[in-house]
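All residue numbers in this chain count up from 1 along the given sequence.
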Amino acid sequence: MIRTTLLILGLALSAGPALAQTMDHSHHAGMQHSGPQHSGPMPTMPGQDAFGTIQEIVGILEADPRTDWSKVSIGRLREHLVDMNEVTLRATSTEMPVDGGLRMAVTGTGRTLDAIHRMVPAHAAQMTGVHGWTWKVEPQADGAVLTVTTTDPAQVAKVRALGFIGLMAQGAHHQEHHLAMARGELVH
């Protein structure tokens with residue numbers, strides 16, 4: 001167990017001291033390694049994507065001496081990641097080609113419905129104009145209707161191929177948004 005812990009901490013130290021501290025689980029009661037000791041590569045994935053995102057953000061915050069811990073809200077980031085999970089895995093999208101793009105009726109119930117209402121309009125506002133696409137959201141009692149269109153005929157096939165979740169994944173703003181949200185700087 002000591003060798004495994006040292007290997008993990010060694011990998012973590014190469015990634016940064018803040019990450020090493022978040023990865024040290026040697027203090028957990030009852031942790032015993034019953035299998036053979038491995039000297040090869042160790043896994044780097046945390047085992048769950050939201051957990052890994054939070055772990056990465058906490059490491060960044062701990063490594064930044066300017067972090068204002070009185071404003072940090074990891075709980076808010078977690079709630080957003082739950083919303084992302086709901087929209088990605090539980091929302092239903094009925095897609096229909098329209099002139100210049102795609103119309104998507106995105107529906108859900110309970111927590112999924114709430115996540116649709118929070119995420120779809122916020123993402124559409126962030127993405128309008130990117131790639132020359134127009135994003136229009138019509139809130140509905142059971143979700144939202146999202147229409148994404150373009151005047152560029154070469155982009156129409158791409159919009160349609162991406163579909164709802166591919167369009168929601170567009171943009172390189174997600175990571176920055178997560179860090180800002182955790183710092184208490186930005187909320188949908």
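L89 and M84 fall into different hydrophobic clusters, where Ile, Leu, Val, Met, Phe, Trp and Tyr residues are linked whenever their side-chain heavy atoms come under 4.5 Å apart, directly or through other members. Cluster annotation: V137 and L162 are assigned to the same hydrophobic cluster (Ile/Leu/Val/Met/Phe/Trp/Tyr, side-chain heavy-atom contacts under 4.5 Å, transitive). Hydrophobic clustering of Ile, Leu, Val, Met, Phe, Trp and Tyr side chains at less than 4.5 Å, counting indirect connections, keeps M168 apart from V82. Residues L146 and V130 are members of one and the same hydrophobic cluster, defined by side-chain heavy-atom contacts under 4.5 angstrom among Ile, Leu, Val, Met, Phe, Trp and Tyr. By the criterion of side-chain heavy atoms lying less than 4.5 angstrom apart, applied directly or through intervening Ile, Leu, Val, Met, Phe, Trp or Tyr residues, V58 is grouped together with L77 in one hydrophobic cluster.
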*Verify side chain to side chain contact (heavy atoms under 4.5 Å, CB included) between R78 and F51, making sure each step is shown before the conclusion.*
CA-CA 9 Å; R78 179 189 176 276; F51 185 92; over 6 Å; no

*Steps toward side chain to side chain contact (heavy atoms under 4.5 Å, CB included) verdict (L113, E86)*: CA-CA 9 Å; L113 176 60; E86 291 293 323; over 6 Å; no

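Judged as a ring pair (Phe, Tyr, Trp, His ring centres under 6.0 Å), and not counting sequence neighbours, the contacts of H178 are H80. Judged as a salt bridge (charged side-chain N to carboxylate O under 4.0 Å, His left out), and not counting sequence neighbours, D114 has no contacts.
Checking side-chain atoms of Q140 against main-chain N and O of D142 turns up no donor-acceptor pair under 3.5 Å. Distance alone, capped at 3.5 Å, is enough to place a donor-acceptor pair between the R160 side chain and the G101 backbone. Judged by distance alone, the side chain of T67 and the main-chain N or O of L61 form a donor-acceptor pair under 3.5 Å.
Taken from CG in L102 to OG in S93, the straight-line distance is 7.0 Å, to the nearest 0.5 Å. Atom-to-atom distance recorded for T112:OG1 and N85:CG is 9.0 Å, nearest 0.5 angstrom. A distance of 8.0 Å separates CD1 in I54 from CD in Q48, rounded to the nearest 0.5 Å. Here the straight-line distance linking atom CG of D83 with atom CE of M119 works out to 6.5 Å at 0.5 Å rounding. Rounded to the nearest 0.5 Å, atoms CD1 (I116) and OG1 (T109) are 8.5 Å apart. Remark: H174 NE2 to L81 CG distance equals 11.5 Å, nearest 0.5 Å.
Using modelled atom types and a 3.5 Å distance limit, the side chains of H131 and Q170 yield a donor-acceptor pair.
When side chains are defined from C-beta on, T88 counts as touching I165, because their heavy atoms get closer than 4.5 Å. In this structure, I60 and E56 have side chains that are in contact, with non-hydrogen atoms separated by less than 4.5 Å.
Of the listed residues (M127, M104, E95), just one forms a side chain to side chain contact (heavy atoms under 4.5 Å, CB included) with L167, and that residue is M104.
Screening residues 140-173 for ring-ring contact (aromatic ring centres under 6.0 Å, His included), with sequence neighbours left out, gives H123-H173.
Heavy atoms only, all atoms of each residue included: P46 and G52 are closest at CG-CA, 3.2 Å. Here the shortest heavy-atom pairing between G132 and T150 reads O-OG1, 3.8 Å.
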